[in-house]
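One-based numbering along the sequence shown.
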Amino acid sequence: GLFRTAQQMTENGFELQGNIFVKGEEQYLPLYEAKMIGMYDHRAADVVVNTKVLHRQGQPDEISLSEKLNPNRLAIPRSWIEKQNVNTKLNQRWIYSWLLGWRDITSASNNRTTISSLIPKAGVGDKFLLMFPKKSPVLISCLAANVNSFPLDYVSRQKVGSVSLKYFVFKQFPVLPPSAFTLHEAYISERVLELVYTAVDMEPFARDMGYAGPPFAWDPARRFTLRCELDALFFHLYGICRDDVAYIMDTFPIVRRHDEESFGSYRTKEEILRVYDTLK
């Protein structure tokens with residue numbers, strides 16, 4: 001087959017560098033699975049194999065906050081694929097050393113329904129679906145923010161009828177055209193860059209965005225603020241009035257419950273409304 005396990009790679013003399021196996025000029029890239037990513041997070045989990053079970057042996061092992069503070073801590077998959085094989089497939093349609101996609105397995109009753117992330121160039125499993133927009137990195141970052149926004153997620157919940165978010169469903173979503181971002185490219189792209197570039201393997205994305213600095217620190221409070229600022233702007237871009245913003249946020253009961261359990265109030269809704277008011 002095309003895929004190799006860590007044991008097979010080490011037995012064949014490859015050395016793990018970060019999450020890439022290397023031997024001389026040969027490289028094997030991670031095979032990303034949907035369970036490894038979260039929203040704006042390409043390091044949500046490793047994949048560990050439990051051979052004691054018959055089905056679904058590969059299970060996510062969440063990467064802790066303390067580990068994410070280390071920009072050299074990368075997500076470890078259960079399989080790797082030859083870099084040349086990945087390049088051969090991608091070079092037909094893609095010029096960047098990073099990818100944008102979304103999780104196929106989902107539900108309208110989940111915390112969030114549409115979950116997207118930028119990831120380093122890698123192989124991907126069939127449950128992490130890719131998009132290949134022929135636009136600049138800055139506009140692609142705007143698209144990533146659009147896909148992860150609450151207003152789009154509200155619509156996706158009306159579209160998803162099972163536990164799968166395939167291409168034919170995704171194509172029905174009301175994604176904004178590039179022209180909608182003309183006045184807001186810097187506002188959006190600067191925030192997406194900070195949310196995405198938290199580890200060394202996303203350096204190619206940062207460089208393509210014109211940023212030459214080190215990865216940004218994984219700061220949960222800061223990340224919360226950035227995401228709320230993006231969501232507030234997208235509510236404006238979709239032309240949604242304040243009362244409807246409040247209503248839409250109330251249709252995310254798990255987000256609300258988690259906030260109330262952790263902070264005593266629905267802080268996500270409160271912060272989005274606060275920023276929404278400042279952007280008028």
Would Y28 and N85 count as having a side-chain donor-acceptor pair, cut-off 3.5 Å?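 The answer is no; no qualifying pair exists.
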Check: S164/D104 side-chain N/O donor and acceptor closer than 3.5 Å: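 Yes, side-chain donor-acceptor contact under 3.5 Å.
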Cluster overlap [X] with [Y], hydrophobic side-chain contacts below 4.5 Å:
{"X": "V124", "Y": "V196", "result": "yes"}
{"X": "L99", "Y": "F170", "result": "yes"}
{"X": "F128", "Y": "L100", "result": "yes"}
{"X": "L29", "Y": "L2", "result": "yes"}
{"X": "L226", "Y": "F224", "result": "no"}

Where at least one partner belongs to residues 181-192, residue pairs that pass salt bridge (Lys or Arg N to Asp or Glu O under 4.0 Å), sequence neighbours excluded: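 Pairs touching residues 181-192 that pass the test: R191-E229.
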Which pairs with one or both residues in residues 12-29 pass salt bridge (Lys or Arg N to Asp or Glu O under 4.0 Å), sequence neighbours excluded?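 Found none.
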Show every donor-acceptor pair shorter than 3.5 Å between a side-chain atom in residues 243-253 and any protein atom, with sequence neighbours excluded, or say none if there are none.
from: D250; atom 1: OD1; to: R256; atom 2: NH1; distance (Å): 3.1
from: D250; atom 1: OD1; to: K269; atom 2: NZ; distance (Å): 3.2
from: D250; atom 1: OD2; to: K269; atom 2: NZ; distance (Å): 3.2
from: T251; atom 1: OG1; to: I248; atom 2: O; distance (Å): 2.5

Using a strict cut-off of less than 4.0 Å between a Lys/Arg side-chain nitrogen and an Asp/Glu carboxylate oxygen, indicate whether E33 and R78 qualify as a salt bridge.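 Answer for the salt bridge query: yes.
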Flag side-chain contact, heavy atom, 4.5 Å: Y211 against F216: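 In short, these two side chains touch, coming nearer than 4.5 Å.
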Any chance CD of E260 has more than 12 other-residue heavy atoms, nucleotides or ligands included, within less than 6.0 Å?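 Yes - once you tally the heavy atoms of other residues, nucleotides and ligands closer than 6.0 Å, there are more than 12.
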So with a 6.0 Å cut-off around CD of Q7, is the heavy-atom count from everything else above 12?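 Atom CD in Q7 is not crowded, with 12 or fewer foreign heavy atoms closer than 6.0 Å.
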Heavy-atom closest pair, residues L195 and R227: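 Scanning both residues, the minimum pair turns out to be CD1-CG, 3.9 Å.
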Write out all pairs satisfying ring pair (Phe, Tyr, Trp, His ring centres under 6.0 Å) with one or both partners inside residues 61-101, taking only residues at least two apart or from two chains.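 Listed once each, the pairs are F21-W80, W94-Y96, W94-W98, W94-F132, Y96-W98, W98-F205.
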H184 NE2 to F234 CZ distance, which is reported to the nearest 0.5 Å: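 These two atoms lie 9.5 Å from each other.
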Without swapping roles, check the side chain of N146 against the backbone of V175 for a donor-acceptor pair under 3.5 Å.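 Not confirmed, N146 side chain does not pair with V175 backbone.
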My understanding is that only residues two or more places apart in sequence, or in another chain, count here; which of them pass side-chain hydrogen bond (donor to acceptor under 3.5 Å, both in side chains) with D153?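 Expected list: R112, S156.
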For T106, which residues count as a side-chain hydrogen bond (donor to acceptor under 3.5 Å, both in side chains) partner, sequence neighbours excluded?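 In terms of side-chain hydrogen bond (donor to acceptor under 3.5 Å, both in side chains), with neighbours along the sequence ignored, T106 is linked to no residue.
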